[in-house]
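Just dropping this structure here.
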Number of protein chains: 2
Amino acid sequence: MAFALSGVMRRRARTSPGDRCPIDRTMQVVGTRSAILLMREALFGTFKFDDFVARTGLTEAVVASRLRALVVADLLVREPYQEPGQRTRHGYTLTDSGRDLMPAVLSLGQWGAKHAPGTIARQFSHADCGEPVRAVVECAAHHRLAVEEITVE
Amino acid sequence: MAFALSGVMRRRARTSPGDRCPIDRTMQVVGTRSAILLMREALFGTFKFDDFVARTGLTEAVVASRLRALVVADLLVREPYQEPGQRTRHGYTLTDSGRDLMPAVLSLGQWGAKHAPGTIARQFSHADCGEPVRAVVECAAHHRLAVEEITVE
DNA sequence: AACCTGGCTTGTGAATTGCATAGTTAGGTG
DNA sequence: CACCTAACTATGCAATTCACAAGCCAGGTT
């Protein structure tokens, strides 16, 4: 059982290249509140440092530190920009790797919107056709699947 | 900007019913390593306490404590069972709420399998047609979408 | 009754996270 | 040059998580 390996690694060795479990590895990168909120914002189009701070409500210290970690983890890249009469500053944009987190961020949001009382969910739609967007589980033949219809090996 | 509210709540008040951000709320329930690993196992069919322990590699203390929290959070329920000649024991099964985490768990796993080196991904397939299963982002008209094709309000 | 043992409960310590706060740095302008 | 200030860096603190280990409890059997 390959997944048992993840437990053989103590928590302090979580960064070991020996971690085999994909979920465990994803959580190591975006499993903190600050990381997931920042990735949420990046996926929703936020670019500037002060917007990340304002929209997540995290402190500047945490935003700076975590954005740096997300850049190191290759989820974001810094891009210089300059507004007239101001210094050169840096914004943060997604890498391909960062973009690939969209299904996870969407589905985490969907779960909270459905099951956590008092949440205010954002609305997502397809720019071209206007239909609402969400994350779904399906097979390659486009069958929409419930948990019981899935086999795991 | 409704999402700024989540930051107004200090971290120590994260359990406040004032949290409005769906993702933040989901992470409060399953944002720990132990919770996500246990939910992974429950979604993949694990039922017995000692199997949760063996398959996650977490300690019994953590499994017991976290399973209890997941029951309180209405993601799992305890079910008594008894094998011949043994005591009554309890297994853990999914609630509807727990089942609804499947897209999130799948997509977190997909991301790790694709982007984290050295991971060993499980294979999921549709029991009926045998086609591989995954989490995707699409609109109600079944268009498969990239990040740039989604508008947020 | 005693015994066994699976599933906890409890306590300790290390690591991590994020808040609050003070301070620093560097890219501009005047 | 001085000044401004956005984006950090650094520090102290509290809370949380999880590993480790000891101990407890309760449902069975004998």
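As a basis for the values below, the full set of heavy atoms in this structure was taken, side chains included, without hydrogen atoms, waters or symmetry mates. Everything numeric in this text was worked out from a predicted model, so none of it was measured. Below, chain A is the first sequence line, B the second, and so on; all start at residue 1.
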If you find the nucleotide of DNA chain D closest to B:T32 and the one closest to A:H90, which residue's nucleotide is nearer the 5' end?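 Taking each residue's closest nucleotide, the earlier one in sequence belongs to A:H90.
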Minimum-distance nucleotide to A:R89 side chain [options: D:dA7, D:dC18, D:dC8]: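 Per side-chain heavy atoms of A:R89, the pick is D:dA7.
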Base, sugar-phosphate or nothing for B:F52? Non-hydrogen atoms, less than 4.0 Å.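 Answer is nothing: B:F52 stays at 4.0 Å or more from every strand.
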For the pair A:R144 and B:E138, find out whether any cationic side-chain nitrogen is under 4.0 Å from an anionic carboxylate oxygen.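 Between B:E138 and A:R144 there is a salt bridge, with a charged N closer than 4.0 Å to a carboxylate O.
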Rounded to whole angstroms, how far apart are CD on B:Q28 and C1' on C:dT17?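 Nearest whole value for this atom pair: 14 Å.
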In terms of the nearest nucleotide of DNA chain C, which residue is placed more toward the 5' end: A:T59 or A:G85?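 Going by which nucleotide is closer to the 5' end, it is A:T59.
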Between the base of D:dT17 and the side chain of B:R66, is one N or O donor paired with an acceptor at under 3.5 angstrom?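 No pair found.
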Whole-Å gap separating C1' (D:dC18) and CG (A:D24):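 Checked: the CG to C1' distance equals 12 Å.
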Does B:R33 place a side-chain N or O at less than 4.0 Å from the phosphate oxygens OP1/OP2 of D:dT16?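 No, because none of the side-chain N or O atoms of B:R33 sits under 4.0 Å from OP1 or OP2 of D:dT16.
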d(CD, A:Q82; P, D:dA7) in whole Å: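 Taking CD of A:Q82 and P of D:dA7, I get 13 Å after rounding.
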Take A:F52 and A:F47, measure what ring-ring contact (aromatic ring centres under 6.0 Å, His included) needs, and give me the verdict at the end. CA-CA 7 Å; A:F52 279 109; A:F47 173 69; 8.4 Å; no
Taking 4.0 angstrom as the limit, do A:E149 and B:R99 come out as a salt bridge?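 No salt bridge links A:E149 with B:R99.
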Any N/O donor-acceptor pair, A:R87 side-chain to D:dT5 base, under 3.5 Å: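 A donor-acceptor contact between them is present.
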Closest-nucleotide 5' rank along DNA chain C - winner of A:A35 and B:Y92: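 First, find each residue's nearest nucleotide; the 5'-ward one identifies B:Y92.
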Step-by-step salt bridge (charged side-chain N to carboxylate O under 4.0 Å, His left out) determination, A:E83 to A:K48: CA-CA 12 Å; A:E83 288 169 358; A:K48 292 153 61 176; 3.6 Å; yes
Closest approach to the side chain of A:A61, judged atom by atom: which nucleotide of C:dC8, C:dT21, D:dA7 is it?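 Output: C:dT21.
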Nearest to side-chain heavy atoms of B:L58, which nucleotide of D:dA19, C:dC8, D:dA6: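 Among D:dA19, C:dC8, D:dA6, the one nearest the side chain of B:L58 is D:dA19.
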Atom-to-atom span, CE of B:M27 to P of D:dT16 - whole angstrom: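 After rounding, the gap between these two atoms is 16 Å.
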Any ion pair linking A:R66 and A:E41 (charged N to carboxylate O, less than 4.0 Å)?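 Salt bridge absent between A:E41 and A:R66.
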Between D:dC8 atom P and A:R78 atom CZ, what is the distance in whole Å?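 In whole Å, D:dC8 P and A:R78 CZ are 5 Å from each other.
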Could you tell me the separation between the CD atom of B:Q86 and the C1' atom of C:dG6, rounded to a whole number of Å?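 Atom-to-atom, B:Q86 to C:dG6, this comes out as 9 Å.
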Residue-phosphate contact under 4.0 Å: A:S34 side-chain N/O, C:dG18 OP1/OP2: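 Yes, within the criterion.
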Just how far, in rounded Å, is P of C:dT17 from CG of A:L38?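 For the pair A:L38 CG and C:dT17 P, the rounded distance is 13 Å.
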How long is the line joining CD of A:E60 and P of C:dG18, in whole Å?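 It works out to 16 Å between those atoms.
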